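Accompanying notes for the structure given below.
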Amino acid sequence: TLYIWTHSASNGQPKWDQSFEVTPYFSQYDGLRHIYYNNNVLIPLDNKIVYLNSENGEKMNEYIDENLEQIYICNEIGLINNRLTFFVEDIEYEYITIDLDNNKSIARGVVESENPDMSIQFDNCFYEIHPHGHIASHCVTGDLGKVETAWSENLKGTTNFLGINNSSLFLLDSHNNRVIELDSKSGKQKNISPLLWPVVRYDMGNNNVIIQTDRKLYLVNI
């Protein structure tokens with residue numbers, strides 16, 4: 001059972017609660033997250049998305065597709081304006097784009113990925129960034145919510161996402177001790193900044209990548 005409790009941010013008092021029956025498979029998918037949209041909280045379950053009023057918890061609507069086996073990834077990264085794109089698992093991995101205002105599916109198709117992910121969103125594209133070095137971009141094209149794979153690359157390292165700046169993706173390859181800059185449109189490498197010692201902590205902000213090792217503090221200007 002999935003339980004949801006809400007509390008007032010001002011005084012901490014309980015406001016409302018809800019519960020939903022889910023299958024044992026539900027807990028295996030860590031890419032399912034609630035989404036806020038238009039005074040509603042969208043709750044992705046095994047094979048449907050429930051719209052709850054954020055003020056009182058009342059169920060306002062739900063998206064159900066009888067051909068939908070299992071929602072695989074659904075989170076706020078897939079929300080662009082009034083459209084939500086999420087991935088489902090069937091014989092192949094597929095995407096579904098729905099119009100939240102009308103609660104209708106407007107696009108569905110196969111996504112070219114062995115293990116889809118939605119790590120970040122930028123310029124109407126969803127990026128999957130896997131720790132083993134696989135990076136891919138899936139972009140929404142046209143007005144109908146269709147998703148197409150723009151590019152896919154294997155960096156052959158251990159990758160952690162740092163941030164986006166000036167249409168570039170910045171990744172930390174902790175296995176090879178380097179910072180990699182990729183063009184967000186093509187996935188091609190633009191720059192590599194080697195590091196001398198293993199990384200302990202990392203961050204990105206104010207047009208700089210900040211890397212701490214056990215001996216030095218790097219400030220990489222981007």
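These figures come from a predicted structure and were not determined experimentally.
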**OP:** Apply salt bridge (charged side-chain N to carboxylate O under 4.0 Å, His left out) to the pair D65 and K48, showing each step before the final yes or no.
**Re:** CA-CA 7 Å; D65 186 338; K48 64 181 179 180; over 6 Å; no
Original post:
Do Y51 and N103 pass the side-chain contact (heavy atoms from CB on, under 4.5 Å) test, and can you show the C-alpha distance, the side-chain angles, and the key distance before you say yes or no?
Top reply: CA-CA 10 Å; Y51 299 57; N103 193 36; 2.8 Å; yes
Subject >> Test log, rule side-chain contact (heavy atoms from CB on, under 4.5 Å), inputs V41 and I35 >> reply: CA-CA 6 Å; V41 183; I35 303 162; over 6 Å; no
**OP:** With side-chain contact (heavy atoms from CB on, under 4.5 Å) as the test, would you mind laying out the steps for Y95 and K146 before giving the verdict?
**Re:** CA-CA 9 Å; Y95 74 88; K146 184 178 179 181; 3.3 Å; yes
**OP:** Verify side-chain hydrogen bond (donor to acceptor under 3.5 Å, both in side chains) between S119 and E128, making sure each step is shown before the conclusion.
**Re:** CA-CA 5 Å; S119 301; E128 55 177 279; over 6 Å; no
**OP:** Could you go through the side-chain contact (heavy atoms from CB on, under 4.5 Å) check for T85 and I80 one step at a time?
**Re:** CA-CA 8 Å; T85 299; I80 300 178; over 6 Å; no
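Between N82 and D99, the side chains place a donor N or O and an acceptor N or O closer than 3.5 Å (distance only, hydrogens not considered). A donor-acceptor contact closer than 3.5 angstrom is absent between the side chains of Q13 and S8. Looking only at atom types and distance, the side chain of E148 has no donor-acceptor partner in the side chain of H138 under 3.5 Å away. Using a 3.5 Å distance cut-off with no hydrogens or angles, the side chains of E21 and T1 do pair a donor with an acceptor. Residues Y63 and N47 bring no donor and acceptor atom of their side chains to less than 3.5 Å of each other.
Here Q121 pairs with nothing under the side chain to side chain donor-acceptor pair (under 3.5 Å) rule; sequence neighbours left out. With sequence neighbours excluded, no residue forms a side chain to side chain donor-acceptor pair (under 3.5 Å) with S174.
Atom-to-atom distance recorded for S152:OG and I135:CD1 is 9.0 Å, nearest 0.5 angstrom. For the atom pair CD (E55) and CH2 (W16), the distance works out to 10.0 Å, reported to the nearest 0.5 Å. The CZ atom of R33 sits 11.5 Å away from the CD1 atom of I43 when rounded to the nearest 0.5 Å.
Side chains of S193 and N191 form a contact here, defined as non-hydrogen atoms less than 4.5 Å apart. Two residues are said to be in side-chain contact when any heavy atoms from C-beta on lie closer than 4.5 Å; Y37 and D101 meet this criterion. Taking 4.5 Å as the limit, some side-chain heavy atom of R83 sits within range of a side-chain heavy atom of I106. Residues L217 and I210 form a side-chain contact, since some pair of their non-hydrogen atoms from C-beta on lies under 4.5 Å apart. A 4.5 Å side-chain heavy-atom check between L32 and P44 finds at least one atom pair inside the cut-off.
Tracing side-chain contacts under 4.5 Å through hydrophobic residues (I, L, V, M, F, W, Y), one reaches F122 starting from L171; they form part of the same cluster. Under the 4.5 Å side-chain heavy-atom criterion for ILVMFWY residues, a single connected hydrophobic cluster contains both L196 and V199. Note on Y218: it does not cluster hydrophobically with V200, by side-chain heavy-atom contacts below 4.5 Å among ILVMFWY residues. Cluster annotation: L45 and I64 are assigned to distinct hydrophobic clusters (Ile/Leu/Val/Met/Phe/Trp/Tyr, side-chain heavy-atom contacts under 4.5 Å, transitive). Clustering ILVMFWY residues whenever any of their side-chain heavy atoms sit less than 4.5 angstrom apart, transitively, puts M204 in a cluster other than the one holding I120.
In E112, the CD atom is not crowded: 12 or fewer heavy atoms of neighbouring residues, nucleotides or ligands sit closer than 6.0 Å. In this structure, Y25 places its OH atom where only 12 or fewer heavy-atom neighbours from other residues, nucleotides or ligands lie under 6.0 Å away.
W151 and Y127 have tilted rings, their planes meeting at an angle from 30° to 60° on a 0 to 90° scale.
A side chain to side chain contact (heavy atoms under 4.5 Å, CB included) with R108 holds for exactly one of T97, I98, V88; it is V88. Of the candidates Y93, F87, F26, F86, Y72 forms a ring-ring contact (aromatic ring centres under 6.0 Å, His included) with just one, namely Y93.
For the pair T213 (side chain) and P198 (backbone), a donor-acceptor distance under 3.5 Å is absent.
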Sequence neighbours excluded and cut-off under 3.5 Å, please list the side-chain donor-acceptor pairs for residues 153-167, or say none.
{"from": "N154", "atom 1": "OD1", "to": "K156", "atom 2": "N", "distance (Å)": "3.0"}
{"from": "T159", "atom 1": "OG1", "to": "H130", "atom 2": "O", "distance (Å)": "2.6"}

